[in-house]
S.K.: 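Before anything else, here's the structure in question.
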Amino acid sequence: MAKVAGGAMMQVADVLVIGGGIAGLSVAARMAAHARVTVLEGESAPGYHASGRSVAFAHYGLGNVPVRTLTALSMGELAEHGSVHAALHIASAGEIAALDALEAVHRRYGCDYTRASPEEARALLPALRPEACAAALIDHGSLKLDTHAMLQAHAASLKAQSGRLVTGGRVSGIRREGDAWHVTAGGETYAAAILVNAAGAWADEVARLAGAAPIGIEPRRRTVISFPAPEGEDVGRWPFTKTVGEGFYLLPEGRGQLLASYMDETPSDPCDAAAEELDKAIAADRVEQATTLAIRRISHAWAGLRSFVADELPVIGEAAGAPGFFWVAGQGGAGFQTAPALSRIAAAAALGLPFPADAATAGLSFETFAPARLGA
């Protein structure tokens, strides 16, 4: 503790992390082994926004090469909070080339996969209409993640290493004084030499408060619906099913409920996102067009914001002209499945440690994710 003007007490740490989603908590837990870390989360609990609304299924059917490489580097650690659950990637007659490309990705990363016929695909997903699948690929090693367990494990690790998680700590001011960043949040003042911006959809707003150049974060809304499975049908063993092109994904939620999304990416301002009626209707229609499922009632629907920059790569590294201000942002829809590897890279960048050897061997570097590529 230290006094600030007016006699109030300032809470001092080595590192302040703004944002208590999977990005902020995972990097904070890594850094806590080397430094005193405080996480400032504006909501009443960690993971309230994007992290708390993620379906969080780890697979290779999304992202570009660096994102898929981060996924591959993370799978071992993800298995601690995930269960193996097959992923079925389906292609129409006009999408065979896209399926071939996805097969090349699975081969590159040594996945346990098989190319499947339409009949084999329907054996896994009995509700699949024949005309919806001309060919398929089955990833036998994909993971259904327990997002709550992941968040809580990072929070517990942070606490065990004498770190702090402050909820209700909405940031209202940031200034640089000498060699430290001073942050006003939730009526308190905090100070640290290193400030990590893991604020998700609000990352550019945090940068502007700090006087750092924004990186062009674009939040995109993704809608998910939940609906009952056919009466008497145990869908728990159905695969995660995803079209290789425009379409939908479908995932069992227990024995009697299904989740689906039409994979919308609607640009949005940073906000507490909510599902819109049109998006719910489109998701239901996409599922009904490709399967024999009749969605008569949507049990629940929600939306979350997935945040991207122009090249759809995460942004990790120190901001130009803002010493000690580090970005951990732009994970898009791959936040959970890349968190183990990404947090190691981010912690190394902020603490001045060597780039992780396994990530370097895989062809990644600090420069791959540096904000300098975006003029920031």
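All heavy atoms count here, side chains included; hydrogens, waters and symmetry mates do not. This is a predicted model, so every value here is computed, not measured.
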S.K.: Are side-chain N/O atoms of Q11 and R164 paired as donor and acceptor at under 3.5 Å?
M.R.: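 Q11 vs R164: donor-acceptor pair found between side chains.
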S.K.: Distance only, no hydrogens: is a donor on one side chain within 3.5 Å (strictly under) of an acceptor on the other, for S268 and R221?
M.R.: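 No, no side-chain donor-acceptor pair sits under 3.5 Å.
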S.K.: Check the side chains of Y262 and D279 for a donor-acceptor pair under 3.5 angstrom, ignoring hydrogens and angles.
M.R.: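 There is such a pair between these side chains.
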S.K.: Hey, are R208 and E205 close enough for a salt bridge, meaning a charged N less than 4.0 Å from a carboxylate O?
M.R.: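 No.
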S.K.: Side chains of S226 and E253: any donor to acceptor distance under 3.5 Å?
M.R.: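 Distance-only check passes for E253 and S226.
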S.K.: Under 3.5 Å, is there a donor on one side chain and an acceptor on the other for H140 and T114?
M.R.: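 Yes, a side-chain donor-acceptor pair sits under 3.5 Å.
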S.K.: Please work out whether the ring planes of F57 and H59 are parallel, tilted or perpendicular, with thresholds of 30° and 60°.
M.R.: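 Judged by the thresholds at 30° and 60°, the geometry between F57 and H59 is tilted.
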S.K.: Side chain of W181, backbone of P323: donor and acceptor closer than 3.5 Å?
M.R.: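 Checked: pair present.
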S.K.: Answer yes if the side chains of E188 and T184 hold a donor-acceptor pair under 3.5 Å, and no otherwise.
M.R.: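 On atom types as modelled, these side chains do not qualify, holding no pair under 3.5 Å.
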S.K.: For a quick check under 3.5 Å, do Y48 and D272 share a side-chain donor-acceptor pair by atom type?
M.R.: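 Short answer, yes.
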S.K.: Do we see a donor-acceptor contact under 3.5 Å between the side chains of E41 and T167?
M.R.: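 The answer is no; no qualifying pair exists.
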S.K.: Can any side-chain N or O of Q331 pair as donor or acceptor with the backbone N or O of P314 at less than 3.5 Å?
M.R.: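 No, the answer is negative, given that no donor and acceptor are paired below the 3.5 Å cut-off.
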S.K.: Side chains of Q257 and S299: any donor to acceptor distance under 3.5 Å?
M.R.: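 Indeed, the side chains of S299 and Q257 share at least one donor-acceptor pair under 3.5 Å.
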S.K.: Please identify which of these residues, L353, L158, V37, D14, meets the side-chain contact (heavy atoms from CB on, under 4.5 Å) condition with M31.
M.R.: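 One option only clears the test, and that one is V37.
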S.K.: Just say parallel, tilted or perpendicular for the rings of H89 and F240, cut-offs at 30° and 60°.
M.R.: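 H89 and F240: perpendicular rings.
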S.K.: Check whether Y109 forms a cation-pi arrangement with R68 (NZ or CZ under 6.0 Å from the six-membered ring centre, at most 45° off the ring normal).
M.R.: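 Output no; distance or angle outside limits.
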